Chemist: 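Quick one: the structure is below, questions incoming.
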Amino acid sequence: MGKTHLIAAAVTLAFVVAACGSSDGGSAEPAAAPAAEPAAEPAAAPAAEPAGECGEEVDLLIFSSRDYYQPPDLWEGLMERCPNISVKVQVESNDDILQQLQRMNDAGQRLPDVIQDDTFLIEAYQNAGLILDHTEQKDRWEADDPDTYNDILPIAWEENTFNDGIWGTSLTANFDVIYYNVAVCEEAGVDCAGIATLDEFRDALRAVKASGSDAIPLSAQALPGTGITTLKTFFSAAGAPFDGAVPDMQSEGGLYTLQWFLDASNEGLLPSQAISWGEDEARGAFAGQRAAFILDGFTVAGEFNEIPGFNLGEGWGVVPSPTAGSGNQISNARTWAITSGTDHPYEAMLAIRHVGSVEQLVAAAGNGSVPMRNSAALQDPGLDEFWPFFNANLRAAYEGSDSVPAGLNGGSVEVELEKLWGEIVAGTDMTAQELADKYQPILDGL
Amino acid sequence: MTPTIEPETQAKRPSLTRKLLFRSPRSKSPKSPKESAAQPAMIGQGKLTPYMFSFPAVLVVSAVLAYPVLAGIYQSLFRADEIGLPEEWVGFQNYSDLFNDGDFYAALWRTAIFVGGSLVVGLTLGLFFSFALFRAVGGLRWMRAATLAPYLISNVAAAVMFRLIFNGDLGVINNWLGYIGIEGPAWLADTRWSMVVVIFSQVWTDLPLTILLLLGGLMTIDKSYFDAALVDGASPWKRARHVTIPLLAPQIVVSTVWLSYSTLTGLGVVLALTGGGPLGSTTTLAMELYNTAFRRLEFNQALAMATVILVLNALLTLLYVRVSRRFQVPG
């Protein structure tokens, strides 16, 4: 047997030993490698002690629910900084990642390492044992890089904290704001930029109506499947307590909200035709300057700003959604989570950390993404270029917003709330109390 | 309904049309048993041969079509207490809950209106257009191809288009009505009109295939039947009623089954046009299934609903085939 054969045998032995080592790579077997000097380097690499900053050699598979939630650099920055990490992304836009993972798990297939999905579904993933507790990786982030860690708003973890663990990181979240038509407000003699409470908002709608303006006072969407965020935002803004996803409509805030909308509907402030309006019709009414106000997502501002002759400041303005009593604004997030199928939770968390970096979040804003739960990114001057309407008032409201009330029955609750919302928009003779009496037991039974 | 043509009861003196319609398809007399026995069986004509040839196709169809259906039915017998938790065997509980749910019967009733309305309008328009296009000759034949245009548009896109057309404020329909002094209703916001618009839109998307099927059927009818009817002095209406439609029965059945299937399971138009609203007035079974599966995330319960729709489809198809037999020309 020649020298070459001996070296080859030693290399093979080293690979076998390394391959048989424990998954954390910390076993003693790699010590055999030095026996074959020339082969020591390649053999030792996979079994090396974990880590430097970038962890181990790994191919990460990520399932994301929408392509626009990808980091704008499409992970290039992460892969350049950590050449040992290769990222492959599958955008699964059919809203069935949970079901897919359940089937893959049942079939014994390899799960992705990271998923990104609606926050309210994270509990279901945890129920199914499909995701890992983030706590250890979160703590490691804090230890490794306290500066960037401390930039993340606590709500990013808080809303994923349940069942004795932290099950994900919500790095971005949309939130609803009130857009107003400047000309209509001036014509009605209303200081729309100063609207802060729900009562003031209703008075402004009434003033628009009384001014004889042709504009619809409040544009809204009530097409099934599209408009229920408005009602949830108002319940929360009025301080109605929630049990999971179910609002307490019998509470002071709940009845106030119902009465608010009943008044709006009965007084013609909210058009009954909105029952058939989706996003296009509701936004079209405002963008076409046929509506004085619309409650809509933050990201729509960019679309309004692109309408010729309808510019921020002169054509339209924006204020945080108004509140009443102890109510607060809410923000609706999507969450990144590490799956139980990964052997590389640290590297998976590095991918999540990459998405949450200031650089990526600000760049994402330019791509039409939603606001970020990162205090440094929220203050970044680069945002002014993309979001000139994101004033200090809105930033403060966003930073102080609560999570959207969620629960595993969230979908069923929405379907029932839509029926209630439809009744109000279409017009009903029922009182707020009667509506609460009718729908609360249904919601409580879900 | 009575058969359209009954030679035994109608005519004392058979007309040329009837002679042609009811002539025996076999002109040769059958071979005697002796002759048959004397003729040796050809290779590959054993009793099992047809089954052997069709086995691969049956296998593929079973794997591709039957398995998912059976798996769906099987899954409908399970249920998870919460999303993500393991599914547990509940037998027919999902079906029992479904049949005890008032919303299910309301959706069933709306589905009946949707299917019935689409069938009546779709078949009537289909027959009308196919007769018209059958007559199109020479330079007008391009119209046959043009009628396929709606079929090239996805039904969701078509629904979005109709949402604009029927928009109460800005829609073309109400603009036109306005020109003649009529204030159009809020089509999609009014529970009295929403289903009408949904039926119209569904028919618009399905009509091309209906026309194609019926037109194809018309083209296969032997011209001699029409000539004979002309010789007998039959009016155009009588020719259509007593000759064309009976001979077109197979295609009418196929069109009926297709339209029925398309509307019973059709979701795209309803979802994109009304989302089941306003106030649930267009929430059909398919829409209810969608809500159950993708909004309430109750997949097993949705599969039970899908099974009910499957059974309804099968029953309706059987019914159509049975009824159509009464209209078919014997032989």
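In this text, all values refer to a predicted model and were calculated from it rather than measured experimentally. Just so it is clear: chains get the letters A, B, ... in the order the sequence lines come, proteins before strands, and each one is counted from 1.
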Chemist: Against chain A, label B/F294 side chain, backbone, both or neither, depending on which of its atoms sit under 4.5 Å from a heavy atom there.
Modeler: neither
Chemist: Among A/E423, A/K419, A/E434, which residue meets the side chain to side chain donor-acceptor pair (under 3.5 Å) test with A/Y439?
Modeler: A/E423
Chemist: Only pairs of heavy atoms separated by less than 4.5 Å count here; which of B/N291, B/L297, B/L279 has the most with chain A?
Modeler: B/L279
Chemist: Return each pair, listed once, that meets salt bridge (charged side-chain N to carboxylate O under 4.0 Å, His left out) where at least one residue sits in residues 214-233 of chain A; pairs must be two or more places apart or across chains.
Modeler: A/K232-A/E414
Chemist: In terms of the angle between their ring planes, are B/W187 and B/F166 parallel, tilted or perpendicular, with boundaries placed at 30° and 60°?
Modeler: perpendicular
Chemist: Nearest 0.5 angstrom please: A/I424 CD1 to A/I275 CD1, how far?
Modeler: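 A/I424 CD1 to A/I275 CD1: 10.0 Å, rounded to 0.5 Å.
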Chemist: Do A/E159 and A/S170 pair up side chain to side chain, a donor and an acceptor below 3.5 Å, judged on atom types alone?
Modeler: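 Per modelled atom types, A/E159 and A/S170 side chains form a pair under 3.5 Å.
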Chemist: Which answer fits B/L273, side chain, backbone, both or neither, if we ask what part of it has an atom under 4.5 Å from a heavy atom of chain A?
Modeler: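 Only the backbone of B/L273 comes within 4.5 Å of chain A.
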Chemist: Please state whether the rings of A/W421 and A/F261 are parallel, tilted or perpendicular, taking 30° and 60° as the class boundaries.
Modeler: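 Perpendicular.
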Chemist: Taking atom types as modelled, is there a side-chain donor on B/S194 or B/S281 under 3.5 Å from an acceptor on the other?
Modeler: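 Short answer, yes.
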Chemist: Counting only heavy atoms closer than 4.5 Å, note whether B/N167 contacts chain A via side chain, backbone, both or neither.
Modeler: side chain
Chemist: Taking A/S412, A/A274, A/P271, A/G288 one by one, which has the highest count of heavy-atom pairs under 4.5 Å against chain B?
Modeler: A/S412
Chemist: Pull out the residues in residues 151-163 of chain B that come under 4.5 Å of chain A, heavy atom to heavy atom, sorted by number.
Modeler: B/R163
Chemist: Give the minimum heavy-atom separation between A/L417 and A/L443, together with the two atoms involved.
Modeler: CD2-CD1, 3.9 Å
Chemist: I need the residue from A/G411, A/A426, A/P224 with the largest number of non-hydrogen atom pairs under 4.5 Å to chain B.
Modeler: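 When all of A/G411, A/A426, A/P224 are compared, A/P224 has the most.
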Chemist: With rounding to the nearest 0.5 Å, note down the distance linking OG1 in A/T135 to CD1 in A/I166.
Modeler: 4.0 Å
Chemist: To the nearest 0.5 angstrom, please state how far the OG1 atom of B/T284 sits from the CD atom of B/Q202.
Modeler: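 Atom-to-atom, B/T284:OG1 and B/Q202:CD are 9.0 Å apart.
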Chemist: Taking heavy atoms only and a threshold strictly under 4.5 Å, list by residue number the residues of residues 75-106 of chain B that touch chain A; give 'none' if the list is empty.
Modeler: B/E82, B/I83, B/G84, B/L85, B/D103
Chemist: Do you see a donor-acceptor pair shorter than 3.5 Å between the side chains of A/E92 and A/Q100?
Modeler: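 Yes, a side-chain donor-acceptor pair sits under 3.5 Å.
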Chemist: For A/Q116 and A/S65, which I'm curious about, is there any donor-acceptor pair between the side chains at under 3.5 Å?
Modeler: yes
Chemist: Rounded at 0.5 Å granularity, tell me how far CG in A/L218 sits from NZ in A/K209.
Modeler: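 Nearest 0.5 Å value for the CG-NZ distance: 12.0 Å.
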Chemist: Above 12 or not: heavy atoms from other molecules or residues under 6.0 Å from CG of A/D429?
Modeler: no
Chemist: Under 4.5 Å heavy-atom distance to chain B, tell me which part of A/L98 shows up: side chain, backbone, both or neither.
Modeler: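 For A/L98, the contact with chain B is made by the side chain alone.
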Chemist: If you check every heavy atom in residues 124-134 of chain A against those of chain B, which residues fall under 4.5 Å?
Modeler: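 Within residues 124-134 of chain A, near chain B: A/A124, A/N127, A/A128.
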Chemist: Near B/F55 CZ, under 6.0 Å, is it more than 12 heavy atoms from other residues, nucleotides or ligands?
Modeler: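 Counting other residues, nucleotides and ligands, CZ of B/F55 stays at 12 neighbours or fewer.
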Chemist: Do we see a donor-acceptor contact under 3.5 Å between the side chains of B/S118 and B/D206?
Modeler: no
Chemist: Can you tell me which portion of A/L446 sits under 4.5 Å from chain B's heavy atoms? Options are side chain, backbone, both or neither.
Modeler: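 A/L446 has no heavy atom closer than 4.5 Å to chain B.
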Chemist: Could you report the tightest heavy-atom contact between A/A337 and A/W167, atom names first, then the distance?
Modeler: CB-O, 3.4 Å
Chemist: If I measure from the heavy atoms of chain B, does A/Q273 come under 4.5 Å with its side chain, its backbone, both, or neither?
Modeler: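 For A/Q273, the contact with chain B is made by backbone and side chain together.
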